[in-house]
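These numbers come from a predicted model, not from an experiment.
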Amino acid sequence: MKKKLVSVLMCMAMGATLLAGCGSEEAADSSNTTAADAADANTAADSEAADASDAADAADAADGDVITIGFAQVGHESDWRTASTNSAQSIFSAENGYDLQFVDCDQDSAVQLEAVRGFIEQDVDYIIIDPIVSTGWDTVLTECEEAGIPVIVIDRTIDDSDKYISWVGSNFKNEGLAAGEWLKAYTDAKGISDVNVLVIEGTTGASAQIGRTDGFKEIADANGWNILDSQTGDFTQAGGQEVMESYIKSYEGQFNVVVCQNDNEAFGAMDAMKAAGISYGVDGDVILISFDACTAGLEYVMSGDINADFECNPLAAPFVEDVIQQLESGSTPDKEVYMVEHWYVNEDILSSITVNGEEQELTVVTQEIVDAQY
């Protein structure tokens, strides 16, 4: 459409110029046409040509540089998810040369698949998916591939297809391993030998739930810890509270560690334990471990309500933009892009832990760190 518009405008300009030229020739032979009339005609032709050029430039600006992106987001279930969405909307803004088509899929896998198919119908330039679950993707990703639309996966992973350009996110199993290694070092330092754990998992089938569960369980099994129960709280505060209330009834007096697979679940677990008169956090009867390290989560680490919080960086958009710019320039981005993350604690009795043979620093939370977090 852009090429057709420019052609029409140029033809209009050329036609106006030719008419002005004919008028000048007639002026030399006609007593009714003056030199001033011919000059006016030339001026009008020049003006029309300039208008045509301006219109063509406007068409170029409107049609040539904007990159259209479809983003199928998991939902809005947590502070982490809100930060992820805000990051995308900030980076992929109209001011930055993007047209972001955003769909909040509200934890519904069927809605997410249809959102991606909608992006295909819109013929967007790129599709970003944060998959609600890790399977059931091969068919729709094949449709994206056939349509020639590159797909970038963020945060959670897709396990049944490799028909995407890049995945940008976190090593969820490494997060689970880190939580386990920290608990081992912490209980050793505190002289706690009997470790009885309740786990509030994330959404069943999500790669974050799978990775954090597998990583932590690997350390638990190696140390002979007793995992009393493990149930899903769907990454929500209400879910965390509901599961914790059930745990308190079923395992009263039997547990001394609660692991929540995101901050919002931890907030719900805290509400349930507080209502039941159970102390938690630093110097409490229950060690509380969380994941994500959102601003509110770090505030609770600093206050001592949460003992340790293992970061899952939600700000993927700048890394995704880098992938897109590489594609735009004709280069090939990495298949996997890992973001930098930190392990946050309240107490300074440990400075580091060893995860997969690598020493990793622990960060004691201060107000400055809280203020700088998402």
Side-chain angles (χ1 to χ4, degrees), residues 78-87 90-91 130 154-157 167-187 189 202 207-209 211-216 218-219 235 257-267 270 281-282 287-320 322 336-374:
S78 64
D79 293 350
W80 190 99
R81 191 68 54 198
T82 299
S84 171
T85 295
N86 290 343
S87 175
S90 174
I91 294 297
D130 192 334
I154 67 169
D155 177 29
R156 304 176 183 183
T157 58
W167 168 84
V168 176
S170 306
N171 188 327
F172 300 119
K173 184 175 182 180
N174 193 61
E175 293 172 0
L177 290 170
E181 294 289 8
W182 174 83
L183 182 60
K184 174 64 170 67
Y186 184 77
T187 52
S207 55
Q209 175 266 328
R212 290 169 188 168
T213 300
D214 290 349
F216 183 82
E218 183 176 314
I219 305 302
F235 286 130
V257 177
V258 172
V259 177
C260 300
Q261 291 189 350
N262 81 337
D263 286 335
N264 288 83
E265 288 180 340
F267 304 156
M270 289 161 57
V282 177
I287 298 168
L288 182 57
I289 297 172
S290 187
F291 294 84
D292 282 359
C294 67
T295 298
L298 291 188
E299 288 175 340
Y300 281 119
V301 174
M302 188 171 66
S303 67
D305 293 286
I306 295 175
N307 296 80
D309 205 338
F310 297 83
E311 185 179 37
C312 180
N313 189 348
L315 309 182
F319 297 85
V320 174
D322 184 56
E336 294 182 340
V337 179
Y338 287 99
M339 298 184 292
V340 177
E341 296 174 327
H342 304 85
W343 315 140
Y344 294 104
V345 296
N346 172 274
E347 301 166 273
D348 62 359
I349 60 174
L350 301 169
S351 60
S352 65
I353 54 176
T354 301
V355 182
N356 281 327
E358 177 186 346
E359 186 176 6
Q360 299 181 3
E361 182 181 357
L362 298 171
T363 302
V364 176
V365 177
T366 64
Q367 188 62 54
E368 184 180 6
I369 289 172
V370 172
D371 292 341
Q373 194 66 332
Y374 63 87

Report yes or no: does [X] contribute a side-chain atom to a donor-acceptor pair with the main-chain N or O of [Y] at less than 3.5 Å?
X: D155; Y: P314; result: no
X: T213; Y: Q209; result: yes
X: T85; Y: R81; result: yes
X: N346; Y: M302; result: yes

Measure across [X] and [Y] and return the closest heavy-atom pair with its distance rounded to 0.1 Å.
X: S170; Y: C312; result: OG-SG, 3.4 Å
X: G281; Y: N307; result: CA-OD1, 3.1 Å
X: A178; Y: V355; result: CA-CG2, 3.9 Å
X: Y374; Y: A83; result: CD1-CB, 3.2 Å
X: P318; Y: S87; result: CD-OG, 3.7 Å
X: Y344; Y: A293; result: CD1-CB, 3.7 Å

Side-chain heavy-atom pair [X], [Y] within 4.5 angstrom cut-off:
X: M339; Y: L315; result: no
X: Q261; Y: F235; result: yes
X: L288; Y: D305; result: no
X: T187; Y: I287; result: yes
X: T82; Y: C294; result: no
X: F319; Y: I154; result: no
X: V258; Y: I289; result: no
X: E181; Y: Q360; result: no

What's the spacing between [X] [atom1] and [Y] [atom2] if we round to 0.5 Å?
X: N262; Y: R212; atom1: CG; atom2: CZ; answer: 7.0 Å
X: T363; Y: I369; atom1: OG1; atom2: CD1; answer: 5.5 Å
X: N174; Y: E358; atom1: CG; atom2: CD; answer: 8.0 Å
X: D263; Y: T295; atom1: CG; atom2: OG1; answer: 9.5 Å
X: Q373; Y: D292; atom1: CD; atom2: CG; answer: 10.0 Å
X: N313; Y: E311; atom1: CG; atom2: CD; answer: 5.5 Å

From CA spacing to verdict: side chain to side chain contact (heavy atoms under 4.5 Å, CB included), K184, I353: CA-CA 9 Å; K184 174 64 170 67; I353 54 176; over 6 Å; no
V345 and L350: CA distance, side-chain angles, deciding distance, side chain to side chain contact (heavy atoms under 4.5 Å, CB included) verdict: CA-CA 9 Å; V345 296; L350 301 169; over 6 Å; no
Working for side chain to side chain contact (heavy atoms under 4.5 Å, CB included), residues F216 and E175: CA-CA 8 Å; F216 183 82; E175 293 172 0; over 6 Å; no
Parallel, tilted or perpendicular, as decided by the 30° and 60° cut-offs, for the rings of W167 and F172: perpendicular
Mutual orientation of the aromatic rings belonging to W182 and Y186 [parallel < 30°, tilted 30-60°, perpendicular > 60°]: parallel
Candidate pair W80 and F291, rule side chain to side chain contact (heavy atoms under 4.5 Å, CB included), full reasoning: CA-CA 10 Å; W80 190 99; F291 294 84; over 6 Å; no
E368 atom CD, over 12 foreign heavy atoms within 6.0 Å: no
